Q: 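Handing you this structure, nothing more for now.
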Amino acid sequence: MSVTTTAGTKRSEEELRALAAEGAQLDDTDAVAVARWAAETFPGTLAVACSMAEGVLPHLISQHAPGVDVLFLETGYHFSDTIGTRARVADELDVTVVDVLPELTVAEQDAKFGSRLHDRDPALCCAMRKMEPLARTLAGYEAWVTGVRRDEAPTRTGTPLVTFDEKHGLVKVNPLVTWSLDDVTAYATEHSVPVNLLMFDGYPSIGCEPCTRRVAPGEDARAGRWSGLAKTECGIHT
């Protein structure tokens, strides 16, 4: 996948770093203004990452960037409700859903590494099924938008609004960084945005089915991810 700016080429790293610094000065409580800035600053070179817990972020960005690419990491291990939400987002919102696929199918990975690698080496599984495919895909963009929020977990409390993503070499925008889960659900209700039914069944953070459990009252939103392991992040945002 390759994209270009209206000038015909992607901007240099120096230019992207300057744009990230500009975006960092925006009001982190005004998600609409941040979305508008991202759409106007990166026309045709912007991607939205979405786990399909809901379609709030794709909806927000598409109001300013109709048809924007929405990247869905199709790991092969998703809940059926997640696949259903992906279909609704693609059908109901003015976006282009892009399935980001790993090099190996689940069957090929099982044949090479043994079945249920996610139980034995979840870091390797995430690296092959999430991190590498995403990095490969993001190489075609100047900026990406994520739904990371500071209230989700202790590992995310310092998340910046806009930054230069050193790992992927592009600008990273987090418009919902100051939002709560209640803010997300309120936006979804107000705008009739698709929501994964698991969100109403104790899954405030939804990942691959083998590695996600319901969250108990009082736990942080990501407590159900890789439960019982020291691992709390797949590595994309750390």
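For reference, positions follow the sequence shown, starting with 1. Source: prediction; values computed, not measured.
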Q: Compare all side-chain heavy atoms of Pro194 with those of Leu93 and state whether any distance is below 4.5 angstrom.
A: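 They are in contact (side-chain heavy atoms under 4.5 Å apart), so the answer is yes.
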Q: Considering only NZ, NE, NH1 and NH2 on the basic side and carboxylate oxygens on the acidic side, decide whether Arg149 and Glu152 come within less than 4.0 Å.
A: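 Yes, charged N to carboxylate O under 4.0 Å.
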Q: Check whether any side-chain heavy atom of Tyr77 sits under 4.5 Å from a side-chain heavy atom of Glu209, and report yes or no.
A: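 Result no, sub-4.5 Å side-chain heavy-atom pair not found.
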Q: Enter the distance from Met52:CE to Leu198:CG here, rounded to the nearest 0.5 Å.
A: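 Answer rounded to 0.5 Å: 14.0 Å.
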Q: I'd like to know if the side chain of Thr212 and the backbone of Gly224 have a donor-acceptor N/O pair within less than 3.5 Å.
A: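 It does not hold such a pair.
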Q: About how many Å separate CG of Asp119 and SG of Cys125, when rounded to the nearest 0.5 Å?
A: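 Here the rounded value is 9.0 Å.
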Q: Check the pair Phe113, Asp121 against side chain to side chain contact (heavy atoms under 4.5 Å, CB included), reporting the backbone distance first and the verdict last.
A: CA-CA 10 Å; Phe113 295 94; Asp121 193 340; over 6 Å; no
Q: Nearest 0.5 Å, please: how far is CG in Leu124 from CE in Met128?
A: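 Result: 4.0 Å between the selected atoms.
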Q: Side chains of Ile206 and Glu54: does their closest heavy-atom pair fall under 4.5 Å?
A: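 A side-chain contact is absent here, since even the closest heavy-atom pair is not under 4.5 Å.
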Q: Measure across Ala65 and Ala39 and return the closest heavy-atom pair with its distance rounded to 0.1 Å.
A: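 Shortest heavy-atom contact: CB-CB, 3.9 Å.
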Q: Look up atom CZ in Arg156 and atom CZ in Arg150, then write down how far apart they are to the nearest 0.5 Å.
A: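 Reported value, rounded in 0.5 Å steps: 13.0 Å.
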Q: Count the heavy atoms belonging to other residues, nucleotides or ligands that lie under 6.0 Å from CD of Glu166, then report whether that count exceeds 12.
A: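 For Glu166, atom CD is crowded (more than 12 foreign heavy atoms under 6.0 Å).
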Q: Please report the shortest heavy-atom distance between Leu134 and Leu73, naming the atom on each side.
A: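 Answer, listing the atom of Leu134 first, then Leu73: CB-CD2, 4.0 Å.
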Q: Rounded to the nearest 0.5 Å, how far apart are CG of Leu176 and CG of Asp183?
A: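 Between Leu176 CG and Asp183 CG, I get 9.0 Å after rounding to 0.5 Å.
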Q: Could you check whether any side-chain heavy atom of Val95 comes within less than 4.5 Å of a side-chain heavy atom of Val48, counting everything from C-beta outward?
A: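 With C-beta onward as the side chain, the pair stays apart.
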Q: After noting the C-alpha distance and the side-chain angles of Cys208 and Lys130, does the key distance pass the side chain to side chain contact (heavy atoms under 4.5 Å, CB included) rule?
A: CA-CA 10 Å; Cys208 293; Lys130 292 184 176 182; 4.1 Å; yes
Q: Under 4.5 Å between side-chain heavy atoms, hopping through other hydrophobics if needed: is there a path connecting Leu104 to Leu101?
A: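 Result: no, two separate clusters.
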Q: Is the centre of the His64 ring less than 6.0 Å from the centre of the Trp37 ring?
A: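 Ring-ring flag for His64/Trp37: false, centres at least 6.0 Å apart.
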Q: Locate the shortest heavy-atom distance separating Leu16 from Gly169; write the atom from each residue and the value.
A: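 In terms of heavy atoms, the two residues are closest at CD1-O, 4.2 Å.
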Q: What about Val145 and Leu26, same hydrophobic cluster or not, with Ile/Leu/Val/Met/Phe/Trp/Tyr joined at side-chain heavy-atom distances under 4.5 Å?
A: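 Yes: a chain of side-chain contacts under 4.5 Å links Val145 to Leu26.
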Q: How close do Gly23 and Leu161 get, heavy atom to heavy atom, and via which atoms?
A: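 Looks like O-CD2, 4.0 Å.
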Q: Is there a donor in the side chain of Asp182 and an acceptor in the side chain of Ser180, or the other way round, less than 3.5 Å apart?
A: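 Per modelled atom types, Asp182 and Ser180 side chains form no pair under 3.5 Å.
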Q: Ser62 and Asp94: side-chain donor and acceptor closer than 3.5 Å?
A: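 No, no side-chain donor-acceptor contact under 3.5 Å.
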Q: Spell out, as yes or no, whether a donor-acceptor pair under 3.5 Å connects the side chain of Thr96 to the backbone of Gly67.
A: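 Yes, Thr96 side chain to Gly67 backbone: donor-acceptor pair under 3.5 Å.
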Q: Can you find a pair of side-chain heavy atoms, one from Val97 and one from Val89, that are under 4.5 Å apart?
A: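 The answer is yes; the side chains approach within 4.5 Å.
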Q: Can you check whether Tyr141 and His168 have ring centres sitting under 6.0 Å from each other?
A: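 No, the ring of Tyr141 stays outside the 6.0 Å limit from the ring of His168, centre to centre.
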Q: Once salt bridge (charged side-chain N to carboxylate O under 4.0 Å, His left out) is applied, what residue pairs with a partner in residues 71-88 remain, sequence neighbours excluded?
A: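 Sorted result for residues 71-88: Arg86-Asp99, Arg88-Glu92.
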Q: Is it the case that the ring center of Tyr203 lies less than 6.0 angstrom away from the ring center of Phe79?
A: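 For Phe79 and Tyr203, the ring centres are under 6.0 Å apart.
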Q: According to a hydrophobic-cluster definition based on side-chain heavy atoms being under 4.5 Å apart (Ile, Leu, Val, Met, Phe, Trp, Tyr only), do Val32 and Val56 belong together?
A: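 Yes, Val32 connects to Val56 through the hydrophobic network.
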Q: Working note: Val177 + Val148, criterion side chain to side chain contact (heavy atoms under 4.5 Å, CB included); need CA distance, chi angles, decisive distance, verdict.
A: CA-CA 6 Å; Val177 72; Val148 173; 5.7 Å; no
Q: With a 4.5 Å cut-off on side-chain heavy-atom distances among I, L, V, M, F, W and Y, is there a chain of contacts connecting Ile83 to Met199?
A: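 In one cluster: no.
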Q: Checking the side chain of Arg120 only, and the main-chain atoms of Gly114 only, is there a donor and an acceptor separated by less than 3.5 Å?
A: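 Confirmed, Arg120 side chain pairs with Gly114 backbone.
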Q: So Leu60 and Pro175, do their side chains get closer than 4.5 Å, heavy atoms only?
A: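 A side-chain contact under 4.5 Å exists here.
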Q: Does any N or O in the side chain of Thr185 come within less than 3.5 Å of the main-chain N or O of Leu181, such that one atom is a donor and the other an acceptor?
A: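 Indeed, once roles are kept as given, a pair shorter than 3.5 Å links the two residues.
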Q: Filter on salt bridge (charged side-chain N to carboxylate O under 4.0 Å, His left out), then keep only pairs touching residues 106-115, sequence neighbours left out; what's left?
A: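 Every pair satisfying salt bridge (charged side-chain N to carboxylate O under 4.0 Å, His left out) with a residue in residues 106-115: there are none.
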Q: What's the shortest heavy-atom distance between Val195 and Ala188, and which atoms?
A: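 Scanning both residues, the minimum pair turns out to be CG2-CB, 3.6 Å.
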Q: Angle class for the Tyr187/His59 ring planes (parallel below 30°, perpendicular above 60°, tilted otherwise)?
A: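 Aromatic pair Tyr187/His59 classed perpendicular.
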Q: Of all heavy-atom pairs between Leu138 and Leu170, which one has the smallest distance, and what is that distance?
A: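 Between these two residues, the closest heavy atoms are O-CD1, 4.0 Å.
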Q: Who pairs with His78 by ring pair (Phe, Tyr, Trp, His ring centres under 6.0 Å), at least two apart in sequence or on another chain?
A: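 Applying ring pair (Phe, Tyr, Trp, His ring centres under 6.0 Å) to His78 gives Phe72.
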Q: Between Arg129 and Glu103, is there a salt bridge with N-O shorter than 4.0 Å?
A: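 Looking at Arg129 together with Glu103, the answer is no, because their closest N to O distance does not fall below 4.0 Å.
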Q: Are side-chain N/O atoms of Thr159 and Asn174 paired as donor and acceptor at under 3.5 Å?
A: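 Asn174 and Thr159 do not have a side-chain donor-acceptor pair below 3.5 Å.
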Q: Can you get from Val68 to Val173 by hopping between Ile, Leu, Val, Met, Phe, Trp and Tyr side chains that sit under 4.5 Å apart?
A: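 Hydrophobic grouping puts Val68 with Val173.
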Q: Rounded to the nearest 0.5 Å, what separation is found between the OG atom of Ser80 and the CG atom of Asn196?
A: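 With rounding to 0.5 Å, OG (Ser80) is 9.0 Å from CG (Asn196).
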Q: Given Asp165 and Lys167, is the salt bridge (Lys or Arg N to Asp or Glu O under 4.0 Å) satisfied, shown in steps?
A: CA-CA 6 Å; Asp165 184 341; Lys167 181 182 295 185; over 6 Å; no
Q: Salt bridge between Asp220 and Arg225, side-chain N to carboxylate O under 4.0 Å?
A: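 A salt bridge is absent here (no side-chain N lies under 4.0 Å from a carboxylate O).
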Q: Would you say the side chain of Cys126 lies within less than 4.5 Å of the side chain of His118, judging by non-hydrogen atoms?
A: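 SC-SC contact between His118 and Cys126 ruled out.
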Q: If you measure from the Lys or Arg side-chain nitrogens to the Asp or Glu carboxylate oxygens, is any gap between Lys10 and Glu15 under 4.0 Å?
A: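 No, this pair does not count.
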Q: Show your reasoning for whether side chain to side chain contact (heavy atoms under 4.5 Å, CB included) applies to Val171 and Glu142.
A: CA-CA 6 Å; Val171 178; Glu142 289 187 321; over 6 Å; no
